[in-house]
Amino acid sequence: MRIGMGQQRITRAECAHVAALARLELTDEELDRFTGQLDELLDHVAEVEALDLEALPPTMHALPIANLLRPDTPGEVLDRDEVLAQAPFAEDGQFRVPPVLGEAP
Amino acid sequence: MTAVEIAAAVRSGQRSARSVVDEHLDVIVGGDADIHAFNLVAAAQARVRADEIDGAVAAGRDPGPLAGVPVALKDNLCTRGLATTCSSRILEGWTPPYDATVVEQLHNAGAVVVGKTNMDEFAMGSSTENSAFGPTRNPCDTSRVPGGSSGGSAAAVAAGFAPVALGSDTGGSIRQPAALCGVVGVKPTYGLVSRYGLVAFASSLDQIGPFTTTVADAAAVLDVIGGPDARDSTSISEPQPPVSHTLADGVDGLRVGVLTELSGNGIALDVAARLQAAVGALESAGARVAEASVPAAVYGLSAYYLIAPAEASSNLARYDGVRYGLRVDGPSTPDMNTATRSAGFGDEVKRRIMIGTYALSAGYYDAYYGKAQKVRTLIINDFASVWEQFDLLVSPTSPTTAFPLGERTTDPMAMYMSDVCTVPVNLTGQAAMSVPYGVGDDGLPVGVQIMAPALGEPVMFRAAAVLEASL
């Protein structure tokens, strides 16, 4: 749709880098397809480049709310065994994962 | 029967909750093979709950304002003991250890959960075709999509499977499917309804709301699920007046603006004609109607498709194969994370995570995410000036009627354009709803969107009731 409509905004290599940051592994076909689709979206959102936004503050949130803190007192919490029962692997009251650094112990 | 009628009959002992629930379960068994509104039907649990309500009535206790009303829940609302999937493979096998606040509220009001409805995976989509469990079909024409992302909830109400369903609306995911299926759908003011137990997509935009067949039913449900919740730090801390009490107050003297930026370019002619008919009905009822301009509204989609994916990329980082759902093993934890996420997420979710990761990444943050947040301010400011002159705004809910299955699945930009009329209100946090208003040239439902300033629900519902009565 945007062929010939300006410079490419995201390259295949950048797309692969973003996928790696997001812990996603893409096939060659997915990478080709997503690069084109992301590029098309970025091309569409580029319409805001013409707006003069310098003087405007960013909005993170539509409501004027600040941090709400509850009193730091113990309350009801989820049952540990019930929560751990939902994990793919749990052991000794903890989540079990493959080695995080280096070789397995 | 409407929800209000069912509750009145059950509370007065005229009808048993069990007979109401059995009747609806029969309709589901007879019809859902064609529609696929549900990911899960909780028949046994619903019957047990219905019997409890009948027991309460027999013992002289009032089960509540939604006594015996069957309710379908979008499958991103946590239900203790009932699988909650977000229509994603990545939550395979997960059963929440707690109920969402809205689920507790419905339960305490006497409603009966009959099942969990299909959706676009993690609420990302506008057609309910991005579901790991296959698409939902539109009950008005099964060759068409029901809209999305809450397409299963909209279809369940349209098909008569339940008089009430809950959905979530991040960029139009309640209002657009309501319009395409010909039912009422409400996106309340941000913070009016607790998000505790709603699986997060874009936290600054997500809001839970009802689908119903009538405006009065939507008001009754909103009155049950609205209100402060200590478990959601973004919930509005003051209780709000009920909307049901002022439904019949009419629109005489109200100033209604037709939002020009969302009502002209790109809107199908038959949809625009139904908006004109609705405007005529509001005028006949005494509203003062004029054109209203929110110039920045046209940039809503661009801001939305950076902000929502950015928030999603952060929210969905939690699906890493460690604590719940799917795990695909690997030699190290990072390898396991990557293998799990690559196998567990569908295409649209991957695309949005990547857009968001890109928009937040070093070197691009200011150009994309930062700029989108400023556009959000611009849209809020433009709406603020319009609210000085108008009490309500109207536009079409969706630029077209329901489109054929498969038509937009290979073209994400075409799919995103389905949300052009609905996203601005999510960015501003305001209230909006879709009211069915006749059919287009193809005989399919058209919805009219009514928008109100934050916490303007009582006035918004008055206009909705006038439109409903004028048909």
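Since the model is a prediction, treat every value here as computed from it, not as a measurement. We name chains A, B, ... by the order of the sequence lines, and we start the count at 1 in each one.
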Could you tell me which of A:L56, A:V83, A:V45 has the largest number of non-hydrogen atom pairs under 4.5 Å with chain B? A:V45

Assess, by modelled atom type and distance only, whether the side chains of A:E14 and B:Y364 contain a donor and an acceptor separated by less than 3.5 Å. yes

State the OG-CG distance between B:S302 and A:L42, to the nearest 0.5 angstrom. 10.5 Å

Taken to the nearest 0.5 Å, the spacing of B:N381 CG from A:T59 OG1 works out to 7.5 Å

Heavy-atom closest pair, residues A:A22 and B:T357: CB-OG1, 3.7 Å

Which bit of B:S237 is near chain A, if near means a heavy-atom gap under 4.5 Å: side chain, backbone, both or neither? neither

If we ignore hydrogens and angles and just use 3.5 Å, is the side chain of B:S342 paired with the main-chain N or O of A:E25 as donor and acceptor? yes

Is there a side-chain contact between B:Y358 and A:L41, using heavy atoms and a 4.5 Å cut-off? no

Interatomic distance, CG@A:L24 vs CZ@B:F345, rounded to 0.5 Å, equals 7.0 Å

Measuring only between side-chain heavy atoms, which start at C-beta, is B:D347 closer than 4.5 Å to A:F34? yes

Say you draw a straight line from OH of B:Y416 to NE2 of A:H44; how long is it, rounded to the nearest 0.5 Å? 11.5 Å

Pairwise distance CZ(A:F95) to CG(B:D320) - rounded to 0.5 angstrom: 9.5 Å

So which residue, A:E82, A:R96, A:R70, ends up with the most heavy-atom pairs under 4.5 Å with chain B? A:E82

Yes or no on side-chain contact (heavy atoms from CB on, under 4.5 Å) for B:L306 and A:V48, after CA distance, side-chain angles and deciding distance? CA-CA 11 Å; B:L306 291 171; A:V48 306; 5.8 Å; no

Under 4.5 Å between any side-chain heavy atoms of B:R327 and A:V97, yes or no? yes

List the atom of A:L51, the atom of B:L378, and the distance in Å for their closest heavy-atom pair. CD1-CD2, 4.1 Å

Nearest 0.5 Å, what's the CE-CD distance between B:M413 and A:E40? 6.0 Å

Go through the atoms of B:L316 and report whether side chain, backbone, both or neither lie under 4.5 Å from a heavy atom of chain A. neither

Kindly say whether B:R323 contributes a backbone atom to a donor-acceptor pair with the side chain of A:Q86 at under 3.5 angstrom? no

So, for A:P99 and B:P331, which heavy atoms are closest and what is the spacing to 0.1 Å? CD-O, 3.5 Å

Heavy-atom pairs under 4.5 Å with chain B - which of A:L69, A:L21, A:L78 has more of them than the others? A:L78

Minimum-distance pair of heavy atoms, taken over all atoms of A:P88 and B:G321: CG-O, 3.4 Å

Should the heavy atoms of other residues, nucleotides or ligands under 6.0 Å from CG of B:N265 be counted, would the total exceed 12? no

Would you mind telling me which of B:S361, B:G429, B:G330, B:P97 has the largest number of heavy-atom pairs within less than 4.5 Å of chain A? B:P97

Side chains of A:L26 and B:M354: does their closest heavy-atom pair fall under 4.5 Å? yes

Heavy-atom side-chain proximity of B:V298 to A:E47 below 4.5 angstrom: no

Under 4.5 Å from any heavy atom of chain B - which part of A:L53: both

Heavy-atom pairs under 4.5 Å with chain A, option from B:K371, B:R351, B:Q430 with the top count: B:R351

Using heavy-atom distances under 4.5 Å, tell me whether B:R80 contacts chain A through its side chain, its backbone, both, or neither. side chain

Taking B:T377 for the side chain and A:P57 for the main chain, is one N or O donor matched with an acceptor at less than 3.5 Å? yes

Report yes or no: does B:S204 contribute a side-chain atom to a donor-acceptor pair with the main-chain N or O of A:H61 at less than 3.5 Å? no

Part of B:T410 lying under 4.5 Å from any heavy atom of chain A: backbone

So which residue, B:V322, B:I355, B:N426, ends up with the most heavy-atom pairs under 4.5 Å with chain A? B:V322

Pair count under 4.5 Å, heavy atoms only, with chain A: among B:A230, B:G191, B:P334, B:S203, highest is B:P334

Given 3.5 Å as the limit, does a donor-acceptor pair link the side chain of B:T333 with the main chain of A:P98, or not? yes

